[in-house]
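Contents: one structure, followed by commentary.
Residue numbers start from 1 in every chain, and the chains themselves are labelled A, B, ... in the order their sequence lines are given, proteins ahead of strands.
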Protein chains: 2
Amino acid sequence: MLDERKKRVLQAIVEEYIQTAEPVSSNAIMNCEGLECSSATIRNEMAELEKMGYLEKPHTSAGRVPSAKGYRYYVDELLQEDKITLEEIKYISEKLENKVNQIEEITQIASSTISEITHYTTVAIGPSTNEQIIENIKFVLLNSRMMMAVILTDTGLVKETIIKFDEDITENQVQTLSYMFNNKLKGQPITKIDKPLEKYLVDEMSYSVNLIKPIIEQMKKVVEEESIHLEGATKLLELPEFNSLEVAKNFVNILDEKELMADMLNTGFAQDINVYIGEENEKEELKDFSIVTFKHRIGNKDLGTIGIIGPKRMDYAKVISVMKYISKKLNGNDNNKSE
Amino acid sequence: MLDERKKRVLQAIVEEYIQTAEPVSSNAIMNCEGLECSSATIRNEMAELEKMGYLEKPHTSAGRVPSAKGYRYYVDELLQEDKITLEEIKYISEKLENKVNQIEEITQIASSTISEITHYTTVAIGPSTNEQIIENIKFVLLNSRMMMAVILTDTGLVKETIIKFDEDITENQVQTLSYMFNNKLKGQPITKIDKPLEKYLVDEMSYSVNLIKPIIEQMKKVVEEESIHLEGATKLLELPEFNSLEVAKNFVNILDEKELMADMLNTGFAQDINVYIGEENEKEELKDFSIVTFKHRIGNKDLGTIGIIGPKRMDYAKVISVMKYISKKLNGNDNNKSE
DNA sequence: TTTAGCACTCATATATGTTGATTGCTAATT
DNA sequence: AATTAGCAATCAACATATATGAGTGCTAAA
């Protein structure tokens, strides 16, 4: 357990470092609130905090920098969560309330709003489709060789795809297909669109392979697609820690790897808001970054995940308060009178 | 007009510089084909070429670098276009023939193929929708307050969007709407989906505003959306000229600006393949890059534009031959026996 | 327990020297 | 008249030395 003054020192250092990105010296925080003592005293405290693992020194004659443990302590114990302004609350409300009709888009809008306010990069991923239940399937004949399939799920998600055939099809065929597919799939999880179904329809129901195969394949493909959405990809490049070309390149490459992003968003959801600081990230590539994520859900329905990715010295107070607010708004339990 | 040896020298310098990204010295090209003379002679030629504006010197004791004028001369007069290998031809054919069914996707596939082969960044933009003619409109009732609209155009383009209503709608309403819209819009340019139409339907045909307004607005929106597709965005970052953080950041920021990209692809199409070298680009931001574009069209139907963006010292020979080949393949006049 | 004082450390900045690639010119050669 | 060898001059790039100063850690006094 840290005594009161050590907490103060740690907090001051974390906050100063978040702001300046420069190692913090004993002088720099001497005049901070609640620290009315000399730099020498602070140096002593700093030395102890370092021994306990909360701080690090880049080199002997530099100031101190928070360690992962330091950030963690700060986030868990010291953070003050009221760093969201009234203007921001207003802005968020506007953005979200305007467009509540597009269920797929809402996560993206939330994600871009977060990026705008925090100036970090955000990643949004749609709901993991394979947990969803098919509510309805529509087939629409477009022309003699093209059909559109529309899949509706219980979460309100809509996936649509165009299917092309090598032979002509008729409105009648589409009708019976539509009936058949709905009959087999309504109320079933979306993963039931698979090879066995194709086999069943061809072998047992004696539909033509040329007809069924493209339908199943295309629907399967579109259903499995994960839609990842990046916002503010270049924002981090403005930060001083990205002044090394090495790091900047690295970051851009990370963002390019969609799978990594998806993984990142899909790990562990113990709390409503999850914070991973530097080395706490499972992926090696992310160990220089901090990540804050939350799931957008209504009831127990997963509607997507939003993550923010920033430097280890990200402004946790702001990020977390913004995330909490948006999460509350999205997930419906908003009893906040913002206007 | 340049004499034969000057041409040789210019060509050697351009090609060497494209390969190495280092200023080219008189020694370096002494043993090039058709240049059996001493470095001193080459130096004399180089000095003259510089005076004429084809070459530049970064500083006194460095080699020469081609100027924009130099590249231009090279592209117009000296370039040999057979820099596409058999493997590449095979690869392209495979990629393109595999997926000729998705009309929207084809431009993107072509674009990603080009990026893979050339190792530059490519940008693809869909056909400019507002020239297209509506062939058919389908409305599909999804549930009591959601409808999907599908628009088919003469180029085979399909746009679809979900429309939500504030009041319940019936299958019957959708039927008459569908009839009405098709009646008014079939054979019309896509730009006819506009405010006057809304006004007409509401005022003259006495449809409910609550019904018509969301339909028109949403369809208008989806039709106007420009779909820009980037491929290999990080590839250029590997090139030595992007070793300056300044340039790298600048590049990433450029790619982020969708409008700029769209503009870039939509300027001037005098030739089938257009080459803009450095300062020749209208946009200030692009003056350190070269851009090669071509339009994907069948007959006089515009199906999209593909552009490649690379350093001024891009491998024009390769890029142009790949682009020409793909353009030929896409645009149908392929009388090349590749297999 | 706190703090003033001071020697020590070390990244950063600046100046200075060295190297080597490359040019441009001149004079000799073809 | 055109080509080429030879050589001084140039200058970025690298390496090395020197100075600066911000910041610490320790000691001893308050």
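Between the CD atom of B/Glu56 and the C1' atom of C/dT23 there is a distance of 17 Å, given to the nearest Å. Summarising the geometry, the separation between CG on A/Asn44 and P on C/dA4 is reported as 13 Å, rounded to the nearest angstrom. The separation between B/Glu50 atom CD and C/dC25 atom P is 11 Å, rounded to whole Å. Following rounding to the nearest Å, B/Ile29 (CD1) and C/dT23 (C1') show an atom-to-atom distance of 14 Å. For the pair A/Arg43 CZ and D/dG23 C1', the computed distance is 8 Å after rounding to whole Å. Whole-Å rounding puts the B/Glu22 CD to C/dG20 P distance at 17 Å. Rounded to a whole Å, the CE atom of B/Met30 is 16 Å from the P atom of D/dT3. Rounding to whole angstrom units, CD1 of residue B/Ile42 and C1' of D/dA2 are separated by 15 Å.
Considering only the side chain of A/Ser38, C/dA4 comes nearest among C/dG24, C/dA4, D/dA5. If you check D/dC7, C/dA4, D/dT10 against the side chain of B/Thr60, the one that comes closest is D/dT10. Side-chain proximity of B/Ala47 to C/dG24, D/dG23, C/dT22: nearest is C/dG24. Comparing C/dA11, D/dT24, D/dG25 against the side chain of A/His59 picks out C/dA11 as the nearest. Picking from D/dG23, C/dT3, D/dT4 the nucleotide with the shortest atom distance to the side chain of A/Thr41 gives C/dT3.
Look at A/Arg5 and you'll find a side-chain N or O under 4.0 angstrom from OP1 or OP2 of C/dT2. Phosphate contact (OP1/OP2 of C/dT22, side-chain N/O of B/Ser25, threshold under 4.0 Å): present. Taking side-chain N and O atoms only, B/Arg64 has a distance below 4.0 Å to OP1 or OP2 of C/dG24. Within the 4.0 Å cut-off from OP1 or OP2 of C/dG24, at least one side-chain nitrogen or oxygen of B/Lys57 is found. Dashed line: the shortest gap from a side-chain N or O of B/Ser61 to OP1 or OP2 of C/dT22 is not under 4.0 Å. Phosphate proximity of C/dT23 to B/Ser26: present, with a side-chain N or O under 4.0 Å from OP1 or OP2.
Both B/Pro58 and A/Asn27 sit near DNA chain D, but only B/Pro58 has its closest nucleotide nearer the 5' end.
Atom-to-atom distance recorded for A/Met46:CE and A/Ile29:CD1 is 5.5 Å, nearest 0.5 angstrom.
Checked options B/Tyr71, B/Tyr73, B/Tyr74; the residue passing with B/Tyr54 is B/Tyr73 (criterion: ring pair (Phe, Tyr, Trp, His ring centres under 6.0 Å)). For the side-chain contact (heavy atoms from CB on, under 4.5 Å) criterion with A/Tyr120, the lone passing option out of A/Lys235, A/Glu231, A/Met314 is A/Met314.
No hydrogens or angles considered: nothing links the side chains of B/Ser115 and B/Ser112 as a donor-acceptor pair under 3.5 Å.
Ion pairing of B/Glu48 with B/Lys6 is present here, as a side-chain N (NZ or NE/NH1/NH2) and a carboxylate O approach within less than 4.0 Å.
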